[in-house]
Every structure is written in C-alpha cells, then in structure tokens.
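Naming convention: chains lettered A, B, ... in sequence-line order (proteins, then strands); numbering from 1 in each chain.
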Amino acid sequence: MLEKRYEPKDIEKKWYDFWIEKDYFRAESKSDRPPYCIVIPPPNVTGSLHIGHALDITLQDVMIRWKRMSGFNTLWLPGTDHAGIATQNVVEKELQRQGADRHALGREKFIEKVWEWKKLYGGTIINQLKSIGASCDWSRERFTLDEGLSRAVKEVFVRLYEEGLIYRGEYLINWCPRCHTALSDLEVEHEDKQGKLYYIKYNFIDGEGHITVATTRPETYLGDTAVAVNPEDERYKHLIGKMVRLPIINREIPIIADEFVDSSFGTGAVKVTPAHDPNDFEMGKRHNLQFINILTGDGRMSEEAGPYKGQDRFECRKNVLKDLADIGHLEKVTDHAMAIGHCYRCKTIVEPYLSKQWFVKIKPLAEEAIRAVKDGQVKIIPIGWENSYFDWMENIKDWCISRQIWWGHRIPVWYCEGCGEVIVSRDTPLECKCGSRELRQDEDVLDTWFSSALWPFSTLGWPDETDDLKTFYPTSVLITGFDILFFWVARMMMMGLKFMKEEPFRHVYIHALIRDAEGQKMSKSKGNVVDPLKMTVKYGTDAFRFTLAAYAAQGRDIKFSEQRVEGYRLFLNKIWNVARFISMNVKEGEEITAAIKVKKLSLADRWILSRLSSVISEVHNALEEYRFNDAASALYQFVWHELCDWYVEMIKPELYGDDPGSKRSAINTLVHVFETSLALLHPFMPFISEEIWQNLPFRRGCESLCVREYPSPEDGLEDRGAEKKMNVVMDAVTAVRNIRGELNLSPSLELQALIRTSNNAEEILNENIAYLAKLAKTKEIKIGKDIHPPHNSASAIKPEMEIFVPLEGLFDIDAEIGRLNKEKNKIEEDMEFVRKKLSNENFISKAPASVVEANKTKYNEYQEKLRSIQDNIDKINKWRKSDE
RNA sequence: GGGCGGAUAGCUCAGUUGGGAGAGCACAGCCCUUACAAGGCUGGGGUCACAGGUUCGAGCCCUGUUCCGCCUACCA
C-alpha cells in the first residue's frame, strides 16, 4: 500500500541506487542491438548545476531512457571539462585568499594545486547530475585532461601541424589583461556602448597647418606610425607623402594613402596604430609601417609610451586627453556608439595585442563541416539554426588556440636552445637532431575548446580503434544550448569529420536558454538565478524535470516560472493518488494479467484503450521529432483528464459492484492502462513512476520500469467506433452537468433525465445508461424517440439528441430562459457566419467540394439546433402562462 | 551595419499542409461524492502587434511599420 503522500526525497535516492546497483545504465561495447549514443556536453569541472544544465540533462535523459526502453544499446557518456581559464581563475582566487599567487608558487606546484582542487570539488557537478536522475553510463566517465583524451589532443595537434593546418605566427590577437592570455574571437563578447570620438590635431613638420584625425582610443596615438587618407579624397590628395609630428612625444610619421579609409567617417583621415588595431595592423603590413607596442600584458603603458610609461591604459587615456587639450591639440569630442569587446570569463575589456600565437588554419576544416550539413548527413533541429551555422562557418577566421595560462593541455612543441629547431611531437623528445639536449617546451596551453572539439571520439577511445568507437561513432544526437553552437558544436563537426571521416552526430538538437519570469537572462549579479537543486528539494525532481520538458518548445526562450513547477507537482500528486486508488482495489498478492481480451471489454474499456493507443503514438511521434513539450502535454492531458477524470469515474460502479466478472475486467483494463502510462511517463519522471510501478502488482517480466519495453504505437487497440460512442455518452453527461452548473443546482442533487434521440444514440445510451447515472448523477433516465418533457424542464441540444431535465420545484424559469437565449445567440452568430460563406458564389465554385459540403452540413445542423432551442424557449413560455 | 526570432485570453505559452482560435495558471459559481479540497463539476474571458496585399477564405503565405529579445561584424 502506498503512503498517503508522495515524499520524493528518500524515494529518489532509493531508486537511483537500485538502478546503479543493477547496472542498467551500462552500455555494451559490442551488441546485436542497435546503438544509441549521446555524449554529454561536459560541464565545467569547477561548476555546479545551474538550470540550463538541468534542462539539457533532462532532455538527454528523456531521449536516453526512451531509447533504452525501446531496446537500443544505449550509451550516455558523461564527463567534465577542465575549463582552462575558468578553473585557473577559481584556484587563483583561492590562492589569493591565502595570500599567495601562482607565480610565487611556480607552474608545477600550481598545477598540483589545481588537481587537488579538482579532486575535492570536481565531483560536485557529477553528483548533482545523478541527483536529478541522469542515467549516464558512469563507468565511462571522462575528463578532458584524462590520459586518453590528452593523447587524442596531442595526436590531433601533431597531425594538423604536419598537414600545415596549424601554424605559429605574430599577429594581433584578443588579449585579456586580467587573465593574461590570448583569446579566440569567440571568447570576446561585444557590448554596445555610448562612447566618444576624439578629434586630434597633428601638425605638419614643415610649415603651418595640421591634419585632424578622429579616434575612439586617443591613448593609442602613442603607437601611431602613420596617418592614412583615401587616395581619392580631394581634400587630402595634396597631403599624401607629407610628414606630421605627434604632439608631446614628437614622433614624425607620414601621411599615406589607403583604399581602406572611409572618407565619410570622422575627418576622413585615420591615425594608424598597427600594433593596436586589426585594420591598422593590415595597413601596417601593406605599407611597411613600424609596429610599436605601447602596452604590456597587464594593460599598462610600456616603455614605448614615453612619459606615460607604467600607467594603466584607462588612466593613460585621461592623461593623454588632458595633455592634448592643454596644448590645444584636442579639437573636439563627439558622441559615438560603439561595441567594446569583453573577456567572456572575467568581463575585462580585451585589448588587440601583438604577440606570437598558435593558430589553426580553419577554412579547409570548415568546408567539410558546411558540406555535411548541406548534404543532410547532419540535421540541425530546429532548422533555423542552420543559417547561423552556415553564416559562421562561411566567414570563419583562423582559430587562435594558444593560451598563456597553466591549466590545460600543454602545447606539444619543443624548441631547441642549440639550433632553434622547432620539434612538434606526440612524445616528449629528449634530443634535437643537432645533438643538443637543451629542449624547452612551449609554455602555452591549448584553448579548452580544442580538447572539447574532440569529445565525441576522444571519449570513445580514439586514437585507438576501440569497440566503443566502432559501435557508437557517429553518435545519435547532440543536445545542447545555442550559446555553444560555435564554440563547441561547430568545432566538433570540423574535428570529427577531419579525424573520423564521419560526422560526430546525426542530429543536433538545439534547445532554448532559460530566462527568469520577466524574460531576463539569469545571472548571479542580477540575483535572479533559479537554483535547480532547490527546485528538486521543494517540488521533487520529477515535477521539476517534467516542467522543463513541458517548457521545451522549439525555437523559443523559456521564461521560467516557479508556479508552473507547482502545477506539475499537482500532476504528480494526481498520479500518486490514482495509484493509491488502484492499490485499494487490487487484493494483496493478486496478479493482474496484462493481456487484454477485447471481446469482453466494456465501452469505457475500449474507449480508454483506444485513447491510450493514440497517446502512445503522439508521444512516440513527438519524441522522434524532439517535441518534448508536445509529448509532455499529451501525457498530462491523457492521464489527468481522460484516465482520471473520465475512465476511473466510469468504472467505479463496477469496482464497487457485486459482479466479480465485470469488476475484474475493469480493474484489468485500469491496471493495464495505468501501467502503460507509467512506462510512457518514466523517461520524464523516472522516480515516481518506478516507485509506483514497484509497489503495484504488475507483471512485466522485468525487475525495473527502466528496462521495461517502451509502449509501442502498434498495439492494435485503436477503436474509432468506441470513441464515437463514448462521445455520445460524454455529450449527454456534459449536457446534464452543464444544466446543473448553470442553474446552480447542487452536485449532490439527483436529477431526472429525459433524452430524445435518434435510433443510433438511443441504442448507445441504453447500453451505457449506468455511466450516465454515475457521471451526471441522474436517476430515472428515459431514453427514446418520443420523449415529451414535463412542465418546467431545462433542456440542452447535442448532436443526435435532446436532453431534458425536469426541475419541478427547483426551477428558476428566468435562469433557464437566460441560458437558452445565450445558447440561441451563439448559434445564430455561428449560423450567420456559415450562411455568408454559402451565399458567396466564389466560395461555392472555388473552394474544394468537401469544404463546401462540410459547411452545408454544418448549416443544417445549426438550423435544426436553433429550431430545437426555439421550441424549448416557446415551451417554457407556454408553461409559464399556464402556471400563472 | 548584417542576420535571426518573438508579438495570440489577466499571466505563461501551444497552434503540424491556409477552411469559423486551444492549454495550464489566474478568475467566478456550486460542491468535503469512500484515490486526490494539493480535489471535482460548471462558467466568463481573445479585432491573433499595426497597415496593406495574395486568396472564395489568412493567426498561418507576401510586403511594409512599430516594439522586444538574441546572434554577428575590423568604419577609426
């Protein structure tokens, strides 16, 4: 017997442990069963579960559990990401609190510290995944810095280098002065801001006059090595080749001509700072200009900044502006909208910075990745994301992969101190070919995303040709948020195609971002984050998971509202209670046969089985297309409103009655439908479904719901006839209830019902009169073609029948007339609408015949209904007169 | 600057190929009916952002406008 209330906490742990103990989540390296594989988007090892993970994990778990139950050899491969910059930042802060810093500690000691930290806290998020029910194969858990994955990283690096797809060079990269490292273009977040445009005067060195340049970054004038104008610009043509002198520092630089310059912007003359601006960098190359680096790695002014040396870059800007103004070289300042790049890890403003870095030549890789999607080998769902994908891939630029931090995959490159040879190697080399043993490994580590790009095959054992790799690559689907479409998905596509010659996944399902109830992005600083673990404690994990699935409509962000979780918790409560109801009606130890003998079933039985059959199809189709919300709401609708509200109520007379045969038949069907529903629900709410399943006397030839076969759409129990008949019964019931409700009659009051029907409906109603009695709370039901209602009857019109409820003594004539008039008005409006259509010759001639026919039928029905209502109104008026 | 998405009931959102708009929550009325008052039954509530167009017919297709969100970009 189930407890009166569902208490999620203990139950969740109990069943999760049970599943683990039974090893249900373990995949087979070799199997006759078809493979189904998802690799988890590895959360940062420093992280803790946020609501975005919860959504991501829930959707993956739904797919995995569904496929597992459907007989697939299912692998959900879990793991974590070493998250270079983020993790290093966390440990550095920790050190800071202890009054230390990594430089004092030294590289090796520092890395030891990070590993220690990882051992202590790295399991946090994994345990949180378990707590929300993730059915991952934990025996295959991976970490991006594992031995095996590190080997894959080196292998990829070396091969790309050997093919000329990795190179080293001095370029302008994005530099974070706080993290002290290069960043890829993607790792820079642009933020629109209202800034200023400063107009600065540069004097000609010979004679009078000046040229004015406009800039958003006045302090960089210290690194200017030219002024550029458009060669076609009549205003400046004659000045090309002249020299100007930079104020204060007195450097002499030329005025040059370059097509790049937009004459309409600012003054049409641009200061050129090749070491501090991407465009100027290109211009500097074109014109052989000097590259002067005025900054240091921590964002301060370098030696080259002369009097400003040592100042912070923003401090320097203020000072430069003041000094220029003082000597009359600041012509004017205007407002200017611009976008400023920030470090995606620490939000510091990034700096275009000249330095030597490693790059991946990415175009050749991107071409394959574009083709795979164009050719349909990989399907992106929803399809709208394909455009973004193509757009990014087609305009891709070389990927800066070196990072000046310590935590990560060290670049497998050594430099010979003897001859300067560059050695790129899978293994640590001991000696250069020149004989020198003085080898120094590159100090940099690789972009974390470099290793996660290999995730779908490195985790399966690559570069070895393992059974796992053969069985599970390409994986079935990747489920993730759009925020890492480029960072991760795109790069996995490129690397997968390059090294496996096959796409890493067949489908990519991109889900939405979760925002707060007001549509704001959740962030710690705004204080509007929803802690998923708090949700699971408060409402139970299942209710929370079901909510997330129900929210997951394609192509729209989720505005998360706790109220909705509350609502689904009530749904679980409903399920719990119907389970209790069943357990009360099944004798202890009684075995319920799952087999359904169609011949002996009642109408209600056949109806609910038919409905079950169709909900199975709906769920199946929805999940096939990743319409999680549709699957969830189909189940909600079915279990609550069809199973509980109608079916359970309908069979109560049989259950409480004396006929053991019909009692048994009803309970059999009920148990069958409910057990099947639990199986359908299991991927969404694994805990409560298992708890109930284990406590009811089901016999399915397996010991856990999570390995029970998933209900299949081809069960042959659809029964359109039963559904039609049931609709007649339900119509009658609803009609009586409607009269009761509208006339404010007590639910406990037993009413009489007279139903005037067609032959067809008469038969159906007579056969199922017991349902009417129970559901509409009626007694003395009369059904026939020649029903004449007594004085003071309320009435309702339904297809094929007219229902009267005699109300002598209770009757409120005005209320009933009002009710009928309301109904009449509605019908008249509807009729008018159809009438207009039918009197339109164009409609008759151009619309499909079936549509025209349907409208004609409808019109006739309305007409009849209207006539009946009018009759009833007249009748009441007559009664009223005769009573007066 | 380019691109994408959204605007439907008081709120949050569904709406598959164009044939008279749905759900949940909230609201109102009546009910403690032996699974469930964390419940049941009934009801009210919408010019589908705006303006045009295509069509016999538009929430849905086309064009434009407004507002909101996001992605992306080397005009200093």
Determine: side-chain N/O of [X] to OP1/OP2 of [N], distance under 4.0 Å, yes or no.
| X | N | result |
| --- | --- | --- |
| A/K4 | B/C36 | yes |
| A/K777 | B/C31 | no |
| A/K559 | B/C13 | yes |

Watson-Crick and G-U pairing of RNA chain B written in dot-bracket, each distance under 3.5 angstrom, with | for inter-strand partners:
(((((((..((((.....[..)))).(((((.......))))).....(((((..]....))))))))))))....

Within the 4.0 Å heavy-atom criterion, would you say [X] contacts the bases, only the backbone, or no part of the nucleic acid?
| X | value |
| --- | --- |
| A/N840 | sugar-phosphate |
| A/H641 | sugar-phosphate |
| A/E649 | base |
| A/P848 | base |
| A/Y636 | sugar-phosphate |
| A/D192 | base |
| A/V648 | base |
| A/N629 | nothing |

Taking atom [atom1] in both [N] and [M], what distance in whole Å separates the two?
| N | M | atom1 | result |
| --- | --- | --- | --- |
| B/U55 | B/G45 | C1' | 32 Å |
| B/C60 | B/A7 | P | 11 Å |
| B/U47 | B/A9 | C1' | 14 Å |
| B/C25 | B/G69 | P | 30 Å |
| B/A26 | B/G46 | C1' | 16 Å |

Is it possible for you to check whether A/R835 lies under 6.0 Å from the centre of the six-membered ring of A/Y859, through NZ or CZ, and within 45° of that ring's axis?
no

Donor-acceptor pairs under 3.5 angstrom involving side-chain atoms of residues 221-228 of chain A: please list them, not counting sequence neighbours.
| from | atom 1 | to | atom 2 | distance (Å) |
| --- | --- | --- | --- | --- |
| A/Y221 | OH | A/P247 | O | 2.8 |
| A/D224 | OD1 | A/K271 | NZ | 3.0 |
| A/D224 | OD1 | A/T273 | OG1 | 2.7 |
| A/D224 | OD2 | A/Y202 | OH | 2.6 |
| A/T225 | OG1 | A/Q290 | O | 3.0 |

Starting at atom [atom1] of [X], determine the distance to atom [atom2] of [N], rounded to an integer number of angstrom.
| X | N | atom1 | atom2 | value |
| --- | --- | --- | --- | --- |
| A/F482 | B/U72 | CZ | C1' | 13 Å |
| A/E566 | B/A37 | CD | C1' | 14 Å |
| A/R740 | B/G43 | CZ | P | 14 Å |
| A/N573 | B/G40 | CG | C1' | 14 Å |
| A/D391 | B/G1 | CG | P | 17 Å |
| A/L655 | B/U33 | CG | C1' | 15 Å |

Can a salt bridge be assigned to the pair A/E3 and A/R580 using a cut-off of 4.0 Å between side-chain N and carboxylate O?
no

For a side-chain contact (heavy atoms from CB on, under 4.5 Å) with A/E742, tell me which candidate from A/K822, A/E823, A/E816 qualifies.
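Checked A/K822, A/E823, A/E816 against A/E742; only one passes side-chain contact (heavy atoms from CB on, under 4.5 Å): A/K822.
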
Quick one: side-chain contact (heavy atoms from CB on, under 4.5 Å) partners of A/E232, sequence neighbours excluded?
A/N230, A/K237

Please name all residues satisfying side-chain contact (heavy atoms from CB on, under 4.5 Å) with A/K332, sequence neighbours left out, ordered by chain then number.
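Residues passing side-chain contact (heavy atoms from CB on, under 4.5 Å) with A/K332: A/Y199, A/T334.
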
Would you mind telling me which of [options] lies closest to the side-chain atoms of [X]?
| X | options | result |
| --- | --- | --- |
| A/P747 | B/C41, B/A35, B/C31 | B/C31 |
| A/Q563 | B/G43, B/A14, B/C25 | B/C25 |
| A/W640 | B/G43, B/G39, B/C70 | B/G39 |
| A/Y656 | B/A35, B/G39, B/C41 | B/A35 |
| A/K822 | B/G39, B/G44, B/C41 | B/G44 |

When A/N842 and A/N744 are each assigned the nearest nucleotide of RNA chain B, the 5'-most assignment goes to A/N744

With nearest nucleotide decided by heavy atoms, which residue, A/D557 or A/K826, maps closer to the 5′ end of RNA chain B?
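It is A/D557, whose closest nucleotide lies nearer the 5' terminus.
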
Grab the N/O contacts between the protein and nucleotides 74-76 of chain B below 3.5 Å, and write none if there aren't any.
| from | atom 1 | to | atom 2 | distance (Å) |
| --- | --- | --- | --- | --- |
| B/C74 | OP1 | A/K397 | NZ | 3.0 |
| B/C74 | O2' | A/N279 | ND2 | 2.5 |
| B/C74 | N1 | A/N279 | OD1 | 3.3 |
| B/C74 | O2 | A/N279 | OD1 | 2.1 |
| B/C74 | O2 | A/N279 | ND2 | 3.3 |
| B/C75 | O2 | A/D262 | OD2 | 2.5 |
| B/C75 | N3 | A/D262 | OD2 | 3.3 |
| B/A76 | OP2 | A/H336 | NE2 | 3.4 |
| B/A76 | O2' | A/A214 | O | 3.3 |
| B/A76 | N6 | A/D262 | O | 2.6 |
| B/A76 | N6 | A/F265 | O | 3.1 |
| B/A76 | N1 | A/D262 | N | 3.3 |

Can you tell me if [X] and [Y] form a side-chain donor-acceptor pair at under 3.5 Å?
| X | Y | answer |
| --- | --- | --- |
| A/Y539 | A/E562 | yes |
| A/E189 | A/Y344 | no |
| A/E187 | A/S184 | yes |
| A/S614 | A/R611 | yes |
| A/N621 | A/E625 | no |

Classify the ring geometry of A/F571 against A/F546: parallel below 30°, tilted from 30° to 60°, perpendicular beyond 60°.
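Ring orientation of A/F571 relative to A/F546: tilted.
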
Calculate, to the nearest 0.5 Å, the distance between atoms NZ and OH belonging to A/K774 and A/Y771 respectively.
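Interatomic distance, A/K774 NZ to A/Y771 OH, rounded to 0.5 Å: 12.5 Å.
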
Is any side-chain heavy atom of A/P274 closer than 4.5 Å to a side-chain heavy atom of A/E282?
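In short, these two side chains do not touch, never coming nearer than 4.5 Å.
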
Nucleic acid contacts of residues 849-863 of chain A, taken as heavy-atom distances under 4.0 Å to RNA chain B
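Heavy-atom contacts with RNA chain B come from A/V851, A/K858, A/Y862.
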
